[in-house]
Amino acid sequence: MKHILSTKQFKRSDVEQLMREAEAMRKMVLTQGGNDLLKGKLVALLFYEPSTRTFASFSAAAQRLGAGTIPIQGVEYSSVAKGETLQDTVRSLESYADAIVLRHPVKGSVAEAAAKSSKPILNAGDGVGEHPTQALLDLFTIKEELGKLEGLTITMVGDLRNGRTVHSLARLLALFGATVNYVSPKTLRMPSDLVKDFAALGLKQHEYEKLDDVIADTDVLYVTRIQKERFATPAEYQAHKGIYVITPDTLKSAKKGMVVMHPLPRVDEITETVDTDPRAAYFRQMEYGMYMRMALLALVTGKSILSSAGDGRTIKIWTKTLGAKS
Ligand code: NCD
């Protein structure tokens, strides 16, 4: 059993292995569109919060590998509306599916569900907690776009308190000797318990309120949405909305070889006029996401595109490290 619950569970070698798998998936899709690695498998997609990319990319990933899906996106149409608990809904799906991709608004709920599940559960976002598969695809994007992970300066800007993607990503960056700049208003800072955790892992972290202070030194500008749904009142959200907006002007002092990323959806934090800048990587990021999710679905179900192609580097490490903490 190999749940994907938090970026805490990964060692550097696991991440590197996953990136090799994702790269092999990319080559395979570009040359043949898909294969039968997961033929006969079923993946349940159970989403209690809105999603476009995570839902669709896991769905595409499963189907490109020959697996079927059980998509449950509008939980208001499922037995959840009749009052069924998360635990019971997951129990039902584990009797049909080989893996369950789960998104839920309550931090920690995905890990709780996994503790009782006999099938691998992949955390597709648990409230303000984590989004580990996004962090892995973000790292893969950086690697593909910039050719390396070592020694980079990543600037995260926006709602760092509520954005789960940055919580997961910063922890992974710690494994690769990165420097991270956090740019946010005081009210939306990276939670201090996480900053402490990451410092213990050796992550170099700096906090700012103005993007201008760091843009020139940035290799990856990671922009996040102000997480409207996490604020207690509409007024509190309004007070933060539009606080950072990336425009072509913002990028004038940025490096030529840097990239701009965003987990999407964007609201108003990057203007559409930035989209045509070659440094805008957020649409390419989505495609990398499908390859990484193919790699993850294969590995949690005990498969590997590299070992199936005769490369024996895989699996063993996985069965040892993943799941150990779940
Ligand atoms: C992110 C999420 O759901 O946390 N979206 C995604 O999965 N690509 C980011 C966000 O919603 O702001």
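Sequence positions, counted from 1, serve as the residue numbers for this chain. Every number for a ligand or one of its atoms is a count from 1 in the order of the listing. Excluded from the calculations below are hydrogen atoms, water molecules and symmetry mates; all remaining heavy atoms, backbone and side chain alike, are included.
In terms of protein heavy atoms, atom 8 (N) of ligand 1 is closest to Pro263 O, 2.9 Å. The protein heavy-atom contact nearest to atom 6 (C) of ligand 1 is Leu264 O, 3.5 Å. Given atom 3 (O) of ligand 1, the protein heavy atom at minimum distance is Arg164 NH2, 2.9 Å.
The proximity of Gln134 to ligand 1, defined as any non-hydrogen pair under 4.0 Å, is limited to the side chain. Residue Ser51 does not touch ligand 1, judged by heavy-atom distances below 4.0 Å.
When each atom of ligand 1 is checked for a heavy atom of Thr165 under 4.0 Å away, the hits are 1 (C), 4 (O). Short contacts between ligand 1 and Thr54, defined as distances under 4.0 Å to a heavy atom of the residue, involve ligand atoms 6 (C), 7 (O).
The ring pair (Phe, Tyr, Trp, His ring centres under 6.0 Å) search around Phe176 returns none, not counting sequence neighbours.
The stretch residues 190-199 participates, sequence neighbours left out, in these side-chain hydrogen bond (donor to acceptor under 3.5 Å, both in side chains) pairs: Arg171-Asp197.
Residue Leu46 is tested with Ile121, Val101, Val110, Val90 for a side chain to side chain contact (heavy atoms under 4.5 Å, CB included); the sole match is Val90.
Asp268 and Lys241 are joined by a salt bridge, as a carboxylate oxygen and a charged side-chain nitrogen come within less than 4.0 angstrom of each other. By the 4.0 Å N-to-carboxylate-O rule, Glu23 lies close enough to Arg26 to be salt-bridged with it. With respect to the salt-bridge test (charged N to carboxylate O, under 4.0 angstrom), the residues Glu236 and Arg161 qualify.
Under the 4.0 angstrom criterion for non-hydrogen atoms, Ala124 is not in contact with ligand 1. Not a single heavy atom of Glu49 sits closer than 4.0 Å to an atom of ligand 1.
Across the listed options Arg225, Arg53, His131, His131 owns the non-hydrogen atom lying nearest to atom 7 (O) of ligand 1.
Shortest non-hydrogen contact noted between Asp138 and Met261 is O-CE, 3.5 Å.
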